[in-house]
Colleague: 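Take this structure, written in structure tokens, and hold onto it; I'll ask about it next.
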Amino acid sequence: MKSGKVALGYKTSLKTLRSNKSKLVLIANNTPRLRKSEVEYYAMLSKCQVIHYGGTNVDLGLACGKYFRVSMLTIIDPGDSDIVRNQLEA
């Protein structure tokens, strides 16, 4: 997460999905089902891809380089990363 722009958390992810700014959404596996389905619905409307992260919200936070729990992460601008391009090819 050195370059690019991301939004961490449920509320900011919903805001970016509603404004159609997000490119990709990562959801931790211990996020409640209702929140998962709501985010997946908004992602479907905004034609954004959803990836279910294999770890918990603590693991996702540590993967982002943060020392707090992150239930979901939305990529707004990938920057130098190839994650969006790699996911579109797969």
Side-chain angles (χ1 to χ4, degrees):
M1 289 187 35
K2 298 194 190 262
S3 67
K5 189 166 182 173
V6 296
L8 301 175
Y10 172 70
K11 287 183 180 179
T12 55
S13 295
L14 282 184
K15 285 180 187 176
T16 58
L17 282 169
R18 282 191 213 123
S19 63
N20 207 8
K21 292 180 182 175
S22 53
K23 308 278 189 262
L24 181 71
V25 180
L26 287 157
I27 303 176
N29 70 350
N30 64 342
T31 305
R33 288 186 185 182
L34 184 63
R35 284 190 177 189
K36 275 186 189 180
S37 63
E38 186 178 4
V39 168
E40 288 170 350
Y41 176 72
Y42 279 116
M44 186 242 344
L45 289 177
S46 66
K47 296 180 179 114
C48 175
Q49 188 176 9
V50 177
I51 297 176
H52 296 281
Y53 184 71
T56 63
N57 54 5
V58 176
D59 297 333
L60 186 58
L62 288 175
C64 295
K66 307 295 182 189
Y67 293 109
F68 50 83
R69 297 175 295 220
V70 175
S71 63
M72 60 192 65
L73 168 125
T74 305
I75 297 176
I76 300 168
D77 177 36
D80 296 335
S81 176
D82 294 333
I83 188 166
V84 175
R85 275 185 259 131
N86 290 342
Q87 291 302 320
L88 290 175
E89 292 172 1

Colleague: What distance do Leu17 atom CG and Cys48 atom SG have between them, rounded to the nearest 0.5 Å?
Modeller: 5.5 Å

Colleague: Quick one: do Val6 and Met72 end up in the same hydrophobic cluster if we chain Ile, Leu, Val, Met, Phe, Trp and Tyr together by side-chain heavy atoms under 4.5 Å apart?
Modeller: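 No, because Val6 and Met72 fall into different hydrophobic clusters, even though each may have its own neighbours under 4.5 Å.
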
Colleague: Arg69 and Val58: which non-hydrogen atoms are nearest, and at how many Å?
Modeller: CG-CG2, 3.6 Å

Colleague: If you measure from OG1 on Thr16 to CZ on Arg18, what distance do you get to the nearest 0.5 Å?
Modeller: 9.5 Å

Colleague: Looking at side-chain heavy atoms only, is the closest gap between Met44 and Gln49 below 4.5 Å?
Modeller: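 A side-chain contact under 4.5 Å is absent here.
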
Colleague: Among Val70, Asn30, Thr31, find the one that has a side chain to side chain contact (heavy atoms under 4.5 Å, CB included) with Thr56.
Modeller: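 The single option meeting the side chain to side chain contact (heavy atoms under 4.5 Å, CB included) with Thr56 is Asn30.
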
Colleague: What is the minimum heavy-atom distance between Tyr67 and Leu62, and which atoms define it?
Modeller: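 That would be CD2-CD2, 4.3 Å.
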
Colleague: What distance separates Cys64 SG from Asp59 CG, expressed to the nearest 0.5 Å?
Modeller: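 Atom-to-atom, Cys64:SG and Asp59:CG are 11.0 Å apart.
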
Colleague: Between His52 and Glu40, does the side chain to side chain contact (heavy atoms under 4.5 Å, CB included) criterion hold? Intermediate values first, please.
Modeller: CA-CA 10 Å; His52 296 281; Glu40 288 170 350; 2.8 Å; yes

Colleague: Let me know which of Val39, Ile51, Ile75 forms a side chain to side chain contact (heavy atoms under 4.5 Å, CB included) with Val25.
Modeller: Val39

Colleague: Under the 3.5 angstrom rule, does the side chain of Asn57 hit a backbone N or O of Ala28 as a donor-acceptor pair?
Modeller: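 Between the backbone of Ala28 and the side chain of Asn57 there is no qualifying donor-acceptor contact (under 3.5 Å).
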
Colleague: Indicate if Tyr53 and Leu73 have the same hydrophobic cluster label, given that clusters are the connected sets of ILVMFWY residues with side-chain heavy-atom separations under 4.5 angstrom.
Modeller: yes

Colleague: Evaluate whether atom NZ of Lys21 has more than 12 neighbouring non-hydrogen atoms of other residues, nucleotides or ligands under 6.0 angstrom away.
Modeller: no

Colleague: Considering all heavy atoms of both residues, which atom of Leu14 and which atom of Glu38 are nearest to each other, and what is their separation?
Modeller: CD1-OE2, 3.9 Å

Colleague: Check Leu8 against Lys66 and note the closest heavy-atom contact, atom names and distance.
Modeller: CD1-CE, 3.8 Å

Colleague: Where do Gly54 and Asn29 come nearest, in terms of heavy atoms and distance?
Modeller: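 Looks like O-ND2, 3.0 Å.
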
Colleague: Please round to the nearest 0.5 Å and tell me the distance separating atom NZ of Lys5 and atom CD1 of Ile76.
Modeller: 5.5 Å

Colleague: Find the distance between NZ (Lys23) and CG (Asp77) and round it off to the nearest 0.5 Å.
Modeller: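 Rounded to the nearest 0.5 Å, the NZ-CG separation comes to 7.0 Å.
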
Colleague: Would Phe68 and Ile27 show up in the same hydrophobic cluster when neighbours are defined by side-chain heavy atoms closer than 4.5 Å?
Modeller: no

Colleague: Are a donor atom and an acceptor atom from the side chains of Ser22 and Thr74 found within less than 3.5 Å of each other?
Modeller: no

Colleague: Transitively linked via ILVMFWY side-chain contacts under 4.5 Å: Tyr10 with Tyr42?
Modeller: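 Yes; tracing contacts between hydrophobic side chains, which count when under 4.5 Å, links both residues.
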
Colleague: Measuring from Ser46:OG to Asn20:CG, what's the distance to the nearest 0.5 Å?
Modeller: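 Separation between the atoms: 5.5 Å.
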
